[in-house]
Each structure stands twice: as C-alpha cells, then as structure tokens.
Amino acid sequence: MTRVLRTPADLAGAGLIDAERIPELEAVAARYAVAVTPAVAALIDPADPADPIARQFLPDAAELDTRPEELGDPIGDEAHSPVPGIVHRYPDRVLLKLTHLCATYCRFCFRRETVGPGSSQPLDGEALDAAFAYIESRPQIWEVILTGGDPLVLSPRRLKAAMARLAAIGHVKTVRLHTRLPAVDPDAITPELVDALRCEGTAVYVALHANHPRELTPEARAACARLIDAGLPMVSQTVLLKGVNDDVETLGALMRAFVETRIKPYYLHHGDLAPGTSHLRTTIAEGQALMRALRGRWSGLCQPTYVLDIPGGHGKVPVGPGYLQDGEVKDPNGARHAYPPEA
Ligand code: SF4
C-alpha cells in the first residue's frame, strides 16, 4: 500500500476493518479526522481485535461516547492564547502552532477538535507575522515549541524559513519540535527536512511521540538516527493508553526502544480528558503503579516523568508516585525505610 488511508471505505479496502463497520465509522470520521499512513497500516495486525497499533489509529464507535467530564479543549490552550497560533502558559516558553495537520490522526488526540483538514486555518501571512512579533517582543521567551498539528508535515522550505526567523530572535535559545513523523512516515525524514531543522546558534530538540515498542521499527530508528546524527538531540513523549501500553512489559520495552534509538524518555502523559476517549484512559493510580514497577525493574535511563496536564490550562505537573512519606522513604519494591536511618 502506498497511499494514506483517509476514510472508513479506504480502511475496509485495505483489509484493516470489516466492511460492515463502514456506516458506524463514517459517523466517527465525520467528527474526528482519520489518516493512516502506509507505515502505520503495515504495523496493524487485522486478525488481532486488540491490536495496540489499531487502537491508536483506527476509528472506533466508542469515540462517539462523550463523557460529562470530557472537554473540547482539555488542556486549556484557548485560555492562554494571546494571538492565533501562540499558547503562552509558562513564562519562559511558548507553543507555536504552525499547522493543524498531521500525517496520522491519533484516536486519543488532546487537540482532536482543532486538528485535521477542515479545522482551523494554517498560520500564514499576517497571522504568522503577529505570532513572531509576539515572541520577538518578550525577552523572557527562552524556548519555542513547534507543535500543532505535526510541524514536520510542513515543507522543508517553510520549516527552514520558520527556523531562520526563530534563530534571528536573540533571546530564543531553544526550539523544540513535537512530532510523530519519524515513526509514522520514516521516509519523510529526508536530508532536506533534516537540513531545514538545523539552526546555527540555537539548540534544536526533536520530541518523538510514540506509544508502543512496535512503532520503533528499523526504518523509524533509522529516521531518528538521521536527525540525531545531524546534531538534533531527541526526547520522547508517550501517552498512557488502556490496551496499548498500560502494562509494565510493554511500557518498559517502549522506553528501552527509545533509549536504544538514543532518544531520552521524557514524558509519560496521563490521558487527557479529550472528547470520546474514555475507552483509552487509565486511572492515575494505575499510572503510578506502572511507574513504580518501571522504577523497580528498568534502567534509570528508561524512566520518563509521569505528568498530568491540569484541565483548564493550569499547567503540567508530575503526578508521582511519591517515595517519601512521614519521615520514611519507600524502596522500589515498596518496603519503607526511615530516613535518615535511626542511629
Ligand atoms: S500527532 Fe499529535 S496533534 Fe496529531 S493527532 Fe496525534 S496527538 Fe494529535
């Protein structure tokens, strides 16, 4: 298969879903964008009804079940958006959303109401100028995070122009790009794209979003190596997802796959309260138990920080587990020890 699958009929034609599911999934696709790249389609085992790659990318009728606690803007981007395309939540950094498009659309996306074809307009012309002017006029902005959408779906020419504008702002010392592209479309990480991201005098980090070790294929690892070898350090982002990575073997294997690819595990996100995603969310207690198990069994390099974006735009915080309580510290196996030890 060589083309991106964008409709339930496409998915049925590729043998990824049964044709009788097309009508119910049309209703999902009308609400939330669908796209499955050839690389992702090749990873899905259609014979496995619980396939963890399918759970992330194939639409499901459960997405039409919106719970009262779910929010269209679960992490409160809107409340912190002074001009279109900018989210300024913390003093030293801003998000810059250059595009609302992605190569694939994740069924749990926290921006699912705003990403995809037919949603908001790309940042261009005067709006783009206003976003850069906002950054230029605020010397406290040390880091710019390109997100979206997936910024790496932009053409190398547009990316290079954006990177050059950011590099020209003296107080912007760091640019971070959040992307799924090296895993979901490794061939798109071309020498031209890599070259567009290199920025003299500015540290450029690439944060790879991947949720299951099978996503780190040899091709995906090679795409990451092209970025890292060009001087672009990488960190990871993972969303904790029920039926995808909510067991310690899978989560640990994913973290090891990142480290083997020279990607430092950075964040494990608790699933946001995005609409129609309750079937994919765990509890925080389950996430903490997984983190405890990870800490007890796997290398320190394999430890991400488990974080929650507080609904309403109140920021991202680590949610544990905690190891200190009432003058005691818990070891990785859960046993308690006085600290300092009694003399
Ligand atoms: S790549 Fe990111 S922005 Fe795009 S659909 Fe997935 S989670 Fe949402």
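Both counts, for ligands and for their atoms, begin at 1 and track the order of listing. Hydrogens, waters and symmetry mates are skipped; everything else that's a heavy atom, side chains included, is used.
Under the side chain to side chain donor-acceptor pair (under 3.5 Å) test applied with Thr147, the options His178, His209, Arg111, Arg176 reduce to a single match, Arg111.
Within a radius of less than 2.8 Å around atom 4 (Fe) of ligand 1, the protein N, O or S atoms are Cys102 SG.
Distance check, rounded to the nearest 0.5 Å: CG of Leu308 to CG of Leu240 gives 11.5 Å. Rounding to the nearest 0.5 angstrom, the gap separating the CZ atom in Arg55 from the CG atom in Leu241 is 8.5 Å. Interatomic distance, CG of Asp150 versus CG of Leu98, reported as 11.0 Å (0.5 Å rounding).
The stretch residues 37-95 participates, sequence neighbours left out, in these ring-ring contact (aromatic ring centres under 6.0 Å, His included) pairs: His88-Tyr134.
Contact annotation: the side chain of Val40 never approaches that of Gln56 to less than 4.5 Å [non-hydrogen atoms, C-beta and beyond].
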